[in-house]
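Remember, predicted model here, so these are calculated numbers, not experimental data.
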Amino acid sequence: LISKLNSQVYSEEVRKCVDMVFSIMHIDLPACTLSLLIKTIPGILAGDGDLDSLCYPAGCALARLLAQCLAATIKFKNSGPYTAKKRKNRFVELTELCNQAAPRSKMRKLSTTEALPIKGEASQEQLIAQAHTSLYQLFSQVCADSSRNPKLEFIYSFLEECTQLEREDCSMLLSTLPPSLVYHLIRMEPSRFSAPTIMRFFDPNRGQGRQSILTSLCLLRNIRTT
């Protein structure tokens, strides 16, 4: 399905393709989302995948698909696959998917914590939450390179796609976004950020969120005035 995105050239065709793939993934959205989070995206950003998948317009399309899948999966926490009968070993299947997706040695390179693979029983919600957190850890590792490349562009695109969703969905997707990652991205390319965008990155109703907003806005202002 992801290769189908890469085969599109025109923006309108890419948009239609994203909608089509997103619809197909609803056959088993949690499993497809986990596969994106712990296999497809790490495989590309770790350097083992085809970087052409991150170039425009395929990279933006992949970012949009990831944001839509993750938002829908988090919102419908207990959703399952469309099957004729209920799967009794659902959590076991998803756990095995997480454990088989990537070797442990690769996961160590991608993250400062070993959130995946997962041992023991875990609920679907817990598996998604761990993969969600690991995604931002992966982004932080990629940004440590401090060079403008398709990987960095994908991270910008993903965050931009998150801010274009409904406020509730945006808040869920960015709830685990590390402020340090935002600060780094602002320093790298301040033109990609505006005050309204930064306001959506963090929760202004929480003290830490307000502090992160103020720090980001001050950083952006200082960069633009120098």
Side-chain angles (χ1 to χ4, degrees), residues 1-2 5 18 21-22 25 29-49 51 53-54 58-77 94-95 97-118 122-145 149-165 169-185 188 192 200-203 212:
L1 292 176
I2 301 303
L5 294 179
V18 170
V21 173
F22 182 53
M25 284 184 167
L29 188 59
C32 290
T33 302
L34 277 173
S35 183
L36 276 176
L37 288 170
I38 65 178
K39 182 178 180 180
T40 304
I41 302 302
I44 296 174
L45 295 183
D48 297 335
L51 286 184
S53 301
L54 301 180
C60 294
L62 182 58
R64 186 180 307 116
L65 179 65
L66 177 60
Q68 291 178 347
C69 287
L70 185 53
T73 302
I74 294 175
K75 179 179 292 186
F76 303 106
K77 298 177 181 179
L94 293 181
T95 301
L97 171 65
C98 292
N99 290 336
Q100 295 173 1
R104 178 176 295 271
S105 59
K106 179 181 294 186
M107 294 309 298
R108 285 200 188 101
K109 295 178 182 178
L110 298 182
S111 173
T112 55
T113 62
E114 293 188 9
L116 297 172
I118 296 168
S123 68
Q124 176 176 297
E125 183 179 354
Q126 289 172 326
L127 293 174
I128 294 294
Q130 290 188 17
H132 185 193
T133 300
S134 294
L135 177 68
Y136 287 122
Q137 294 171 348
L138 171 61
F139 285 174
S140 296
Q141 291 291 325
V142 171
C143 287
D145 181 31
N149 52 52
K151 298 178 183 180
L152 189 64
E153 179 62 29
F154 175 79
I155 296 174
Y156 281 118
S157 296
F158 175 76
L159 295 181
E160 289 169 354
E161 290 296 333
C162 289
T163 62
Q164 293 175 18
L165 297 173
D169 293 340
C170 177
S171 297
M172 289 189 302
L173 289 188
L174 300 178
S175 61
T176 57
L177 176 65
S180 58
L181 175 59
V182 176
Y183 305 154
H184 181 80
L185 292 172
M188 288 291 295
R192 299 291 291 265
R200 301 207 69 181
F201 283 157
F202 307 104
D203 185 358
S212 298

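- Taking both residues in full, the closest heavy atoms of Asp169 and Lys75 are given as OD1-CE, 2.9 Å, listed atom of the first, atom of the second, then distance.
- Annotation for Cys162 and Leu174: closest pair CB-CD2, 4.0 Å, computed over non-hydrogen atoms.
- In this structure, the separation between CG on Leu173 and CZ on Phe201 is 12.0 Å, given to the nearest 0.5 Å.
- Looking at Leu62 and Val18, their side chains never come closer than 4.5 Å, going by heavy atoms from C-beta outward.
- Two residues are said to be in side-chain contact when any heavy atoms from C-beta on lie closer than 4.5 Å; Ile74 and Ile128 meet this criterion.
- Annotation: the span from Arg200 atom CZ to Leu177 atom CG amounts to 13.5 Å, rounded to 0.5 Å.
- Pairs passing the salt bridge (Lys or Arg N to Asp or Glu O under 4.0 Å) check and including a residue from residues 155-164, sequence neighbours excluded, read Arg64-Glu161, Glu160-Arg192.
- At distances below 3.5 Å, not a single donor-acceptor pair connects side-chain atoms of His132 with backbone N or O atoms of Thr176.
- Without hydrogens or angle criteria, Ser157 side chain to Glu153 main chain gives a donor-acceptor distance under 3.5 Å.
- The side chain to side chain donor-acceptor pair (under 3.5 Å) check on Thr40 picks up nothing, with sequence neighbours excluded.
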For this session: For side-chain contact (heavy atoms from CB on, under 4.5 Å), just list the numbers for Tyr183 and Ser212, CA-CA rounded to whole Å, side-chain angles, deciding distance to a tenth of an Å, and then say yes or no.
Result: CA-CA 9 Å; Tyr183 305 154; Ser212 298; 3.9 Å; yes
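- Rounded to the nearest 0.5 angstrom, Leu66 CG and Phe158 CZ are separated by 4.5 Å.
- Within the 4.5 Å cutoff, side-chain heavy atoms of Leu185 are placed close to those of Leu159.
- Considering CD of Gln130 and CG of Leu135, their distance stands at 14.0 Å, rounded to 0.5 Å.
- When side chains are defined from C-beta on, Leu54 counts as touching Leu45, because their heavy atoms get closer than 4.5 Å.
- Within the 3.5 Å criterion, the main-chain N or O of Leu70 finds no donor-acceptor partner in the side chain of Thr73.
- Scanning all heavy atoms of the two residues, the minimum distance from Leu36 to Cys69 falls at CD1-SG, 4.1 Å.
- Contact record, Ala71 with Leu165: CB-CD1, 4.1 Å, taken as the closest heavy-atom pair.
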For this session: List the steps and the verdict of side-chain contact (heavy atoms from CB on, under 4.5 Å) for Val142 and Leu152.
Result: CA-CA 7 Å; Val142 171; Leu152 189 64; 5.6 Å; no
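- Atom OG in Ser180 sits 12.5 Å away from atom OH in Tyr136 (nearest 0.5 Å).
- In this structure, Cys143 and Ile155 approach most closely via the heavy-atom pair SG-CD1, 3.7 Å.
- Across Gly59 and Phe154, no two heavy atoms sit closer than the pair O-CD1, 3.7 Å.
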